[in-house]
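Written out below as structure tokens is the structure these notes cover.
The structure displayed is predicted, hence computed values, not measured ones.
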Amino acid sequence: MTDIGTTVLGYPRIGPDRELKRALERYWAHKIDEAALRETGRELRERTWRDLASAGLDSIPSNTFSYYDQVLDTAELFGALPERFTRLGLSPLDTYFAAARGVQDAPALEMTKWFDTNYHYLVPEVGPDTTFTLAGTKPVDEYREAKALDIETRPVLVGPVTFLLLAKSTTKDFRPLDLLDTLLPRYVDLLRRLHAEGVEWVQLDEPAFAADRTEAELNALIRAYHWLADESERPKILVAGYFGHLGRGLGVLARSPIEAVAVDLVTDGSFVDAVAAEPALRDKEVLAGVVDGRNVWRTDPDRALAHAATLMGVAGKVSVSTSCSLLHVPYDVEREAGLHSRLKGWLAFARQKVDEVVLLGKALRGDDVELSSARQAIADRKAATALADEEVRARIAAMRPEDAVRAPYAERAAAQQAALGLPPLPTTTIGSFPQTTEVRKVRAAHKAGTLDEAAYESAMRTEIERVVRLQEDLGLDVLVHGEPERNDMVQYFAELLTGFATTAYGWVQSYGSRCVRPPILYGDVSRPAPMTVAWARHAQSLTPKPVKGMLTGPVTILAWSFVRDDQPLADTARQVALAVRDEVHDLEAAGIRIIQVDEPALRELLPLRKARHGEYFAWAVSAFRLATSGIADSTQIHTHMCYSEFGEVLPAIDALDADVTSIEAARSKMEVLTDLSAAGFDRGVGPGVYDIHSPRVPDVEEICTLLRTAVTTVPAGRLWVNPDCGLKTRGYAEVESALRNLVAASRAVRKELV
């Protein structure tokens with residue numbers, strides 16, 4: 001039997017220069033045809049396979065490429081796209097994109113976070129009448145494609161149990177997992193086809209078992225991998241469990257007839273001992289995930305090898321891999337000419353992590369390899385004492401518990417209504433407005449030094465005035481300045497805070513064509529000067545209506561950055577919170593009466609195991625309240641959250657003590673409001689009524705229907721009307737139409753309440 005050997009569990013797919021993003025958006029805009037889009041995909045796949053082969057990996061993954069999302073790919077592969085898309089009469093590719101993005105008569109699938117990452121997946125919809133078929137050939141096609149390049153690959157798929165655990169039921173009281181026995185035969189069909197093609201190994205990902213699982217769910221895992229492994233005409237099976245400790249799932253997989261298991265030895269250090277204590281691994285290959293697939297710091301070779309070596313003698317074979325797919329990190333740090341050379345020496349992006357896997361694999365086999373460079377980088381980072389800011393640390397040490405507490409909500413609400421005088425069902429947006437080509441050109445010219453500061457500020461002020469006048473014309477009650485000066489809701493602040501570095505090419509896929517460049521938080525954080533005050537003050541000077549000051553919260557800044565790992569996350573959160581607090585106070589002093597501190601990543605950072613929830617909630621809530629306290633009762637604090645499963649964080653949402661919480665609700669048809677009500681949430685809430693991740697424009701009656709549903713759960717006096725998220729990625733034509741409908745719907749339902 002051939003071992004897998006050194007490998008990675010997946011690789012970035014958007015392209016080093018976001019080639020796929022550009023091709024997708026050109027295709028959606030009807031500027032290129034399907035053949036051109038598919039050619040871009042082919043070129044990216046070939047480049048990836050050749051790069052991984054030349055790096056010296058023993059096994060190379062395939063079927064990790066996607067035009068939008070791997071969970072959506074799985075639903076399409078097994079014929080599980082809802083009928084509202086398949087009946088549209090579109091091509092297979094356009095049907096796929098309709099499910100991802102929606103069309104006017106068919107709202108998109110729900111979107112939510114992929115476990116505790118900033119990647120978003122499309123939620124499959126299944127019910128008792130769902131019939132699975134092997135409807136696609138993508139894994140086979142991509143294997144053949146690589147084979148034609150003389151590159152042997154290992155097809156990767158979402159595992160059957162995780163797929164069903166991530167799915168949403170279309171029928172009340174029906175469990176998607178009850179479909180396991182109808183799905184597994186289709187996986188068998190696929191395994192047989194791959195075997196017939198000559199595939200030696202297939203990888204099935206089961207990250208759902210890094211979270212707490214019931215007895216029934218563990219039994220489903222047992223059933224699935226005995227069923228699949230009992231098939232005689234199949235490739236050898238590698239099951240990858242990542243994002244943390246697999247708990248009892250490890251024993252289930254170890255005792256199953258599969259041939260290999262990949263384990264994440266980075267996220268939870270205690271898992272090393274658990275794996276080493278599992279005797280049933282003695283006849284299996286274990287892929288020791290000792291290279292971090294989610295953060296950008298170089299691997300400590302001695303620590304990694306010690307963890308991998310702990311498994312020697314326990315497993316039949318130990319090989320080195322990444323802890324998870326490298327989808328979550330940028331392509332290549334060597335492209336970052338603008339990073340300080342010392343910091344750059346501490347970093348490893350996807351390409352460097354592949355080299356680390358190869359090097360560590362050789363070292364584990366006993367080959368004579370050079371580790372001094374890696375050891376020196378680790379030692380140099382530990383010795384960098386200048387990263388500590390004693391003034392910041394002293395300020396945090398001096399903070400008292402009462403510094404993070406506001407007056408009771410009822411008192412604040414009365415003071416805020418007296419100051420703001422808003423109608424029932426007040427209308428607003430989440431913050432950003434569409435960023436036109438002209439706006440981006442101005443920012444790029446300013447950054448390149450071809451546009452001076454005065455001309456840049458003039459252009460931004462002109463754009464802000466245009467956005468304010470538009471909102472007045474639309475009839476919105478609470479306005480925003482539109483954020484034309486911001487490239488990204490985290491990067492913008494990282495560029496103005498100490499302790500952060502930003503990249504030029506460090507793009508990471510968030511969903512579909514949406515990419516972000518997470519900053520690198522490497523040292524203590526402080527705010528040298530106000531960051532948003534001038535823009536907010538200018539917008540407020542243009543209108544008598546209240547304008548929201550727009551900030552990103554401390555938890556989200558951490559979640560959407562590559563964060564230092566040399567101190568507890570809670571300590572770093574307090575530093576960021578103190579910087580945000582300074583900005584909140586300066587906005588209030590400038591006359592801004594509503595300040596929104598967004599925390600869309602509150603659910604994202606929630607540990608997958610419930611035993612760690614309490615510790616996380618304590619520091620996350622504390623950081624937000626530190627950032628938003630010390631201001632007048634009449635100053636209204638908003639926060640915003642989007643595209644997550646909120647049930648597990650409802651106590652934390654309540655504990656944040658924000659005056660108004662806006663939250664994604666359009667795709668889920670207001671489901672979250674029932675949970676909020678049941679949890680006793682009694683502050684202002686703005687459930688999204690316009691799905692901004694879809695190009696479709698909701699009509700007035702659709703929004704009225706959502707609002708009528710909302711007012712049955714939330715009193716009108718506490719209900720706000722807003723889109724699901726910021727409007728940055730949308731075009732003005734659809735935004736103006738949707739917002740006019742939003743305002744009209746709000747006014748119509750107001751009249752119904754009289």
Side-chain angles (χ1 to χ4, degrees), residues 8 10-25 40-41 43-57 60-61 64-65 117-119 291-299 322 324-359 373-374 376-378 380-381 440-441 443-450 487-488 490-492 494-495 499-510 513-523 560-565:
V8 298
Y11 205 69
R13 60 199 183 203
I14 203 72
D17 292 299
R18 297 178 294 162
E19 293 90 339
L20 182 59
K21 168 190 172 64
R22 293 188 174 90
L24 284 169
E25 292 174 356
T40 297
E43 290 173 353
L44 289 172
R45 292 190 295 272
E46 178 176 346
R47 186 187 314 180
T48 293
W49 293 327
R50 290 195 186 280
D51 285 350
L52 296 181
S54 65
L57 289 176
I60 296 168
T64 58
F65 175 84
T117 75
N118 186 33
Y119 177 78
V291 173
D292 193 344
R294 292 181 55 179
N295 212 334
V296 294
W297 306 106
R298 286 184 71 165
T299 302
T322 51
C324 62
S325 170
L326 295 175
L327 173 70
H328 309 288
V329 294
Y331 273 86
D332 190 352
V333 75
E334 292 303 322
R335 301 188 69 192
E336 301 298 335
L339 286 178
H340 189 283
S341 59
R342 189 177 188 191
L343 173 61
K344 190 173 175 179
W346 303 340
L347 302 175
F349 291 0
R351 185 62 188 81
Q352 288 71 45
K353 290 178 184 292
V354 172
D355 291 338
E356 288 183 326
V357 166
V358 172
L359 189 68
S373 175
Q376 184 177 353
I378 299 301
D380 181 59
R381 185 173 169 222
R440 289 191 171 96
K441 285 180 178 177
R443 278 209 317 266
H446 179 246
K447 184 176 181 179
T450 58
N487 43 24
D488 175 82
V490 173
Q491 183 179 346
Y492 173 80
E495 290 174 347
F500 284 88
T502 58
T503 64
Y505 302 100
W507 296 104
V508 176
Q509 185 181 24
S510 181
S513 67
R514 173 70 171 151
C515 302
V516 294
R517 276 184 295 164
I520 299 165
L521 199 170
Y522 64 88
W560 295 354
S561 300
F562 294 118
V563 180
R564 61 191 301 183
D565 57 0

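Side chain of Ser325 to main chain of Leu327: a donor-acceptor pair is present (N/O by atom type, distance under 3.5 Å, no hydrogens or angles). The backbone N or O of Thr40 lies less than 3.5 Å from no partner atom in the side chain of Glu19, so there is not a single donor-acceptor pair. Here the side chain of Thr64 pairs no donor or acceptor atom with the backbone of Pro61 at under 3.5 angstrom. Side-chain atoms of Thr450 come within 3.5 Å of backbone atoms of Ala445 as a donor-acceptor pair (strictly under, hydrogens ignored).
In this structure, the side chain to side chain donor-acceptor pair (under 3.5 Å) partners of Arg13, at least two apart in sequence or on a different chain, are Gln70, Tyr119, Gln509. The side chain to side chain donor-acceptor pair (under 3.5 Å) check on Thr117 picks up nothing, with sequence neighbours excluded. Applying the ring-ring contact (aromatic ring centres under 6.0 Å, His included) criterion to Tyr522, with sequence neighbours excluded, gives no partner residue. In this view, Arg381 and Asp565 satisfy the side chain to side chain donor-acceptor pair (under 3.5 Å) rule, not counting sequence neighbours. With sequence neighbours excluded, the residues that form a salt bridge (charged side-chain N to carboxylate O under 4.0 Å, His left out) with Arg50 are Glu46. Applying the side-chain contact (heavy atoms from CB on, under 4.5 Å) rule to Tyr492 yields the partners Glu485, Arg486, Asn487, Leu496, Thr532, Trp535; only residues at least two apart in sequence or on another chain are considered. Not counting sequence neighbours, the partners of Glu356 by the side chain to side chain donor-acceptor pair (under 3.5 Å) test are Thr299. Considering only residues two or more places apart in sequence or on other chains, Ala55 meets the side-chain contact (heavy atoms from CB on, under 4.5 Å) condition with Arg351, Val354, Asp355. Residues passing the side-chain contact (heavy atoms from CB on, under 4.5 Å) test with Gln376, sequence neighbours excluded: none. By the side-chain contact (heavy atoms from CB on, under 4.5 Å) test, Glu334 is found to be paired with Asp332, Lys344, Gln352, residues two or more places apart in sequence or in another chain being considered. Arg22 pairs by the salt bridge (charged side-chain N to carboxylate O under 4.0 Å, His left out) definition with nothing, not counting sequence neighbours. With sequence neighbours excluded, no residue forms a salt bridge (charged side-chain N to carboxylate O under 4.0 Å, His left out) with Arg440.
Counting only N and O atoms by type, the side chains of Ser513 and Glu25 include a donor and acceptor under 3.5 Å apart. Side chains of Asp292 and Trp297: no donor on one and acceptor on the other come within 3.5 Å.
Contact check for Leu326 versus Lys353: side-chain heavy atoms found under the 4.5 Å cut-off. Side-chain contact between Val490 and Ser561: present, with at least one pair of heavy atoms (C-beta onward) separated by less than 4.5 Å. Phe500 has its side chain within reach of Pro519: a pair of non-hydrogen atoms, C-beta onward, lies under 4.5 Å apart. The side-chain heavy atoms of Pro16 and Arg47, taken from C-beta on, include a pair separated by under 4.5 Å.
A distance of 10.5 Å separates OG1 in Thr48 from CD1 in Ile60, rounded to the nearest 0.5 Å. Expressed to the nearest 0.5 Å, how far CZ of Phe349 lies from OH of Tyr505 amounts to 12.5 Å. Remark: Leu57 CG to Leu52 CG distance equals 5.5 Å, nearest 0.5 Å. To the nearest 0.5 Å, atoms CG (Leu521) and CH2 (Trp560) are separated by 15.5 Å.
Ring geometry, Tyr11 versus Tyr331: the interplanar angle exceeds 60°, so the pair is classed perpendicular (tilted spans 30 to 60°).
The two residues Gly345 and Ala377 have their closest heavy-atom pair at O-CB, 3.4 Å. The heavy-atom pair separating Ala501 from Leu343 by the smallest distance is CB-CD2, 3.5 Å.
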Test side-chain contact (heavy atoms from CB on, under 4.5 Å) applied to Val508 and Asn118, step by step: CA-CA 9 Å; Val508 176; Asn118 186 33; over 6 Å; no

I would like to know whether Val296 and Trp346 meet side-chain contact (heavy atoms from CB on, under 4.5 Å); could you show each step before the answer? CA-CA 8 Å; Val296 294; Trp346 303 340; over 6 Å; no

List the steps and the verdict of side-chain contact (heavy atoms from CB on, under 4.5 Å) for Val329 and Arg294. CA-CA 6 Å; Val329 294; Arg294 292 181 55 179; 5.6 Å; no

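With respect to the salt-bridge test (charged N to carboxylate O, under 4.0 angstrom), the residues Asp488 and Arg517 do not qualify.
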